Structures are given as structure tokens and as C-alpha cells.
A.B. asks: 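Could you have a look at this structure, given as C-alpha cells, before my questions?
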Amino acid sequence: MTEEILIVGGGASGMMCACRFAKRGFKVTVLEKSDRVGKKLLATGNGKCNLTNVNIKIEDYNSDEVKWALLRYSPKRVISEFESMGLMTRTDSEGRVYPYCESANAVLNTFLRVMEEYGVNIVTNCVVGGMTNRDGKWTVMSSKGNYVADKVVVATGSDATMGFNSHNITRSQGHKVTPIRYAIGPLLTDSVKGANGVRAKAHATMYINGQEVMGEKGELLFKDNALSGILAFRLSSALARYRSEVNSCKVVIDFFPDKSFEEVADFLHKYCSAASPLQGMLHKAIAQNIFARTPMDRSLIMSRKKAEDIAYTCKNFEVDIKGLSDRLNSQVACGGISLDRIDMITMRSRNTKGLIFVGECLDIDGLCGGGNLHWAWASAMAATEEYDNVK
């Protein structure tokens, strides 16, 4: 008799689970709250869908519990999985992996084609309110009636961006939910003026309560009242993961990470005029913020002292962070279903037989640049691997 599986959530991990379970001979039904599956997937990677990153490491995540999935389901194996479904990929200079056509639609269409081929039943506009287990059978209650199955996969994601918060449907099974904060989004600040839309490649270090928590190179995008761009998104995860009380948070920017302080000061002193000392070195709006921050002699003479004062600010530009962006402007949630009652090798509940968790609904989050989608695929592959010989 064919076993039936209900997958609650038709996002990245839910669709990967659906494809893999269906190919292994299960009868699969996907219950999706939105009007279509894969809606959030289409927005990832600025619409290009950053599938994974060949440089992913355990330290990119908030918990080392991901190690089991990362060891077994490496970026190479994830790429191979997509290729087996007919999706060609390409890898950029920073290790980010995209569909070859660089369109998220290609990824969604690949899933839709495979699910159709293997007879996956997709039910949209379906709001799940709860679930019960009796005599080894699961009943999932929804706005479109009750569904019965042998196993239930919880792939509900989070309510970041356009998602929904469905964590509470598993509380009846004894699974706790850790507090939610939002990440991979802008850092709120009013420290930078008049630079909306300006981009800069820099090194930025975040300090929380005076202690360094993270520092990386990358691109920053300055916006009205916010720091954005990939570098800010990665730093936002460090702030979201910080579970103690935050009394102060600041980001220190080095606009010349490949130059020493002495090299910047020497160049300013030898070659730049005091009237426009950073012309051709930094965007005018950034330069104006640096001048406003630098306590220096305001004469038209470029003295050695003035050059050093400007150079210091260029390499130590402090931005006070007021907090994280809201869920609508963030890509992931930090927090979720606690890992303490999950077998992280098989993704099964330790509390109740036949209950499986995958993807972002769990208290696992990665850094910007492919980490979160990789976790979606890897956790789904882990949840389905043991069923390879079902047919």
C-alpha cells in the first residue's frame, strides 16, 4: 500500500521534499497557504535565485547542528541534484551558484515540472490550523477540510518578507518556538546623511555592547535611514542572532580595506588638494560625511596632520545602528522551531513518529549569499534520503 505524505508549505524546502518523496514512490500532497507555490523563491537573489554557495561553511549558520546536513549534502551534491532534474547552473566569482539563465522562474518551473510528472497534488489557498496524530495516522486540519496521511512534513518557512508565521501548528506535538528576529535586511541608522543610493565596496565591523561580533568585506548600499547591500545583510544576521540585551550597536567602516592608514594618508598629503581631497577616491556624498566627522584644520593647506585626520576617518567611519529592519524588508527569520526535539540527521521529530521538519521553520539561519536556500535543499534531502529504496 502506497504511503501518503502531507507537506505543509510549498516553498523551497517543501517543493524539494515533494519532488524527492514523489520520485521515491510516495503519494504526496502539498498544502500551500498562498495562491501559488514558490512565491518567495522568485524573489531570492534579486530574482536570479542564489541556489547555494560553493564556499558555504558551518560557521555561516547560527547553530553547528547544521553540520550533519552540510557534511552529507554539500554544495556539489545540491548542484548535482538540480542537474538531475534538468537545471543547469553557473557559479560566479564569489562562489554563488545560480541557474544558468539567472532566473528564479527556471528553478520554480523545474520543480513544477517534476511535481507534475510524479503526480504531486498541490492545494493552494489552504490555511492549516493544526494537526493531530492518532493510531499512527496524521490528520491535518485546514481551511479546505481535513487531510489524512502517514507522515507530515512541516515546511512552513517564516513570515519574513511575504511569508507566513505557521510555527504554532506544531506546539500540540511538544515543539517549542524560539523568539523571532529578522535578518538579511537593512540595518537602521540615521548616522549617514545625503547618500541615498550610493554604493561602496568596503570592510565593515559590527560591535555590540562594545565587543566585536563580526567583520567582513563586501558592498554597502547607503539608503535614507539605513545601511543596505550584501555586506549589511550579512552583518544583520549577527545582530539578529545576539540573544543578550543590546545596549549599543555600531558598524565601523573601512572605505579603503586594501590600503593601510599610512598609504591613504601619504596619498592625500602628496597628491590631493585640501579643497577636494577625496575626489576620485570616494563618492562625493560619502566624502562629505567623512569631512563632517573629521575634526581637522579647515584651511586650504593639506598638511600632514590634516591628511592623517581624514585618512583615519576613512578607515574608521562609525555608524550607530538603531536596530533591525521589520519582517517585510527582511529575507529570513532568526529563531523558529527549537532544535532540541529534532533528530538533525533525519529531520524527524523525537516526540512523535511520522513528523518531519525542514527549512526555515526551524531555528536555523545562514548568512546572505546562498546559505539559507542551501539549508532548505540540504534539510529536504536529509528528510528524504532514508527512503531511497521504497520503490
Side-chain angles (χ1 to χ4, degrees), residues 1-34 36-38 69 72-73 77-78 80-82 84-87 108-157 166 169-170 172-173 175 342-343 345-359 361-362 376-391:
M1 184 176 176
T2 302
E3 280 198 273
E4 296 188 31
I5 289 185
L6 283 173
I7 299 176
V8 185
S13 59
M15 290 189 292
M16 178 64 86
C17 267
C19 291
R20 286 174 61 88
F21 271 126
K23 287 194 287 185
R24 285 155 175 76
F26 289 91
K27 182 179 179 181
V28 179
T29 296
V30 176
L31 307 180
E32 168 56 38
K33 188 171 185 178
S34 185
R36 61 184 296 191
V37 295
R72 294 168 67 192
Y73 311 105
R77 190 162 177 191
V78 166
S80 177
E81 181 73 17
F82 278 107
S84 74
M85 292 191 285
L87 184 74
L108 178 56
N109 289 337
T110 297
F111 280 130
L112 291 173
R113 177 179 50 76
V114 173
M115 287 190 287
E116 181 179 12
E117 179 182 351
Y118 287 91
V120 174
N121 179 32
I122 299 173
V123 184
T124 57
N125 295 309
C126 183
V127 180
V128 172
M131 58 183 66
T132 60
N133 180 278
R134 181 173 296 177
D135 300 327
K137 282 284 187 179
W138 285 92
T139 299
V140 172
M141 291 78 77
S142 81
S143 59
K144 292 200 170 179
N146 292 347
Y147 292 84
V148 178
D150 301 288
K151 295 179 174 62
V152 173
V153 178
V154 179
T156 51
S166 303
I169 65 173
T170 59
S172 63
Q173 305 305 316
H175 289 279
I342 309 291
D343 181 335
I345 296 177
T346 64
M347 309 312 298
R348 293 176 178 181
S349 167
R350 297 185 188 275
N351 293 346
T352 314
K353 186 177 180 180
L355 183 59
I356 300 167
F357 295 87
V358 294
C361 70
L362 290 162
W377 318 133
S379 59
M381 293 168 74
T384 54
E385 192 78 4
E386 66 177 297
Y387 303 105
D388 275 349
N389 299 316
V390 167
K391 284 188 174 181

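The shown structure was predicted, so the numbers you read here are calculated from the model rather than taken from an experiment. Excluded from the calculations below are hydrogen atoms, water molecules and symmetry mates; all remaining heavy atoms, backbone and side chain alike, are included.
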A.B. asks: So which heavy atom on Cys17 is nearest to which on Val153, and how close?
C.D. replies: SG-CG1, 4.1 Å
A.B. asks: Is any side-chain heavy atom of Tyr73 closer than 4.5 Å to a side-chain heavy atom of Glu81?
C.D. replies: no
A.B. asks: Does Ser379 reach the main-chain N or O of Gly359 with its side chain, forming a donor-acceptor pair under 3.5 Å?
C.D. replies: yes
A.B. asks: Under the rule for side-chain contact (heavy atoms from CB on, under 4.5 Å), what residues qualify as partners of Ala12, not counting sequence neighbours?
C.D. replies: Leu41, Leu373, Ala376, Trp377
A.B. asks: Looking only at non-hydrogen atoms, find the nearest pair between Lys23 and Ser84 and report the distance.
C.D. replies: NZ-OG, 4.5 Å
A.B. asks: Flag yes if more than 12 heavy atoms outside Glu116 fall under 6.0 Å of its CD atom; otherwise flag no.
C.D. replies: no
A.B. asks: Where do Thr384 and Met16 land on the side-chain contact (heavy atoms from CB on, under 4.5 Å) test, with the steps shown first?
C.D. replies: CA-CA 9 Å; Thr384 54; Met16 178 64 86; over 6 Å; no
A.B. asks: With Leu6, which of Val123, Thr139, Val140 fulfils side-chain contact (heavy atoms from CB on, under 4.5 Å)?
C.D. replies: Val140
A.B. asks: For the residue pair Phe111 and Cys19, establish whether any side-chain heavy-atom pair is separated by less than 4.5 Å.
C.D. replies: yes
A.B. asks: Looking at Arg20 and Glu385, is there a salt bridge between them, counting it only when a charged N and a carboxylate O are closer than 4.0 Å?
C.D. replies: yes
A.B. asks: Between CG of Leu31 and CG of Asn125, what distance do you get to the nearest 0.5 Å?
C.D. replies: 12.0 Å
A.B. asks: Just how far is it from atom CZ of Arg113 to atom OH of Tyr118, taken to the nearest 0.5 Å?
C.D. replies: 9.5 Å
A.B. asks: Are Leu362 and Ile342 packed together at the side-chain level, in the sense that at least one heavy-atom pair is separated by less than 4.5 angstrom?
C.D. replies: yes
A.B. asks: Applying side-chain contact (heavy atoms from CB on, under 4.5 Å), can you list everything that pairs with Ser142, at least two apart in sequence or on another chain?
C.D. replies: Cys126, Val128, Lys144, Tyr147
A.B. asks: So, do Asp150 and Phe26 sit near enough that their side-chain heavy atoms are less than 4.5 Å apart?
C.D. replies: no
A.B. asks: Checking Thr346 now: which residues fulfil side-chain contact (heavy atoms from CB on, under 4.5 Å) with it, not counting sequence neighbours?
C.D. replies: Asp343, Arg348, Glu386
A.B. asks: Do Met85 and Glu117 touch side chain to side chain, with heavy atoms closer than 4.5 Å?
C.D. replies: no
A.B. asks: So do Trp138 and Glu4 actually touch side chain to side chain, heavy atoms under 4.5 Å?
C.D. replies: no
A.B. asks: According to side-chain hydrogen bond (donor to acceptor under 3.5 Å, both in side chains), who are the partners of Ser34, at least two apart in sequence or on a separate chain?
C.D. replies: none
A.B. asks: Decide side-chain contact (heavy atoms from CB on, under 4.5 Å) for Met141 and Thr132; before the verdict, give the C-alpha distance in whole Å, the side-chain angles of both, and the deciding distance to 0.1 Å.
C.D. replies: CA-CA 8 Å; Met141 291 78 77; Thr132 60; 3.9 Å; yes
A.B. asks: Is a side-chain donor or acceptor of Ser349 paired with a backbone partner of Thr352 at a separation under 3.5 angstrom?
C.D. replies: yes
A.B. asks: Who pairs with Ala18 by side-chain contact (heavy atoms from CB on, under 4.5 Å), at least two apart in sequence or on another chain?
C.D. replies: Ile7, Val28, Val30, Met115, Val120
A.B. asks: With a 4.5 Å limit on heavy-atom distance, are the side chains of Ile169 and Met131 in contact?
C.D. replies: yes
A.B. asks: Between atom CG of Leu355 and atom CG of Asn133, what is the distance when rounded to the nearest 0.5 Å?
C.D. replies: 8.5 Å
A.B. asks: How close do Cys361 and Thr156 get, heavy atom to heavy atom, and via which atoms?
C.D. replies: CB-OG1, 3.5 Å
A.B. asks: Rounded to the nearest 0.5 Å, how far apart are CD of Glu32 and CD1 of Ile122?
C.D. replies: 9.5 Å
A.B. asks: Quick check: do Val154 and Gln173 have side-chain heavy atoms less than 4.5 Å from each other?
C.D. replies: no
A.B. asks: Mind checking side-chain hydrogen bond (donor to acceptor under 3.5 Å, both in side chains) for Thr110 and listing every partner two or more places apart, or none if nothing turns up?
C.D. replies: none
A.B. asks: Strictly distance-based, threshold 3.5 Å: is any side-chain N or O of Arg72 a donor or acceptor partner for the main-chain N or O of Ile345?
C.D. replies: yes
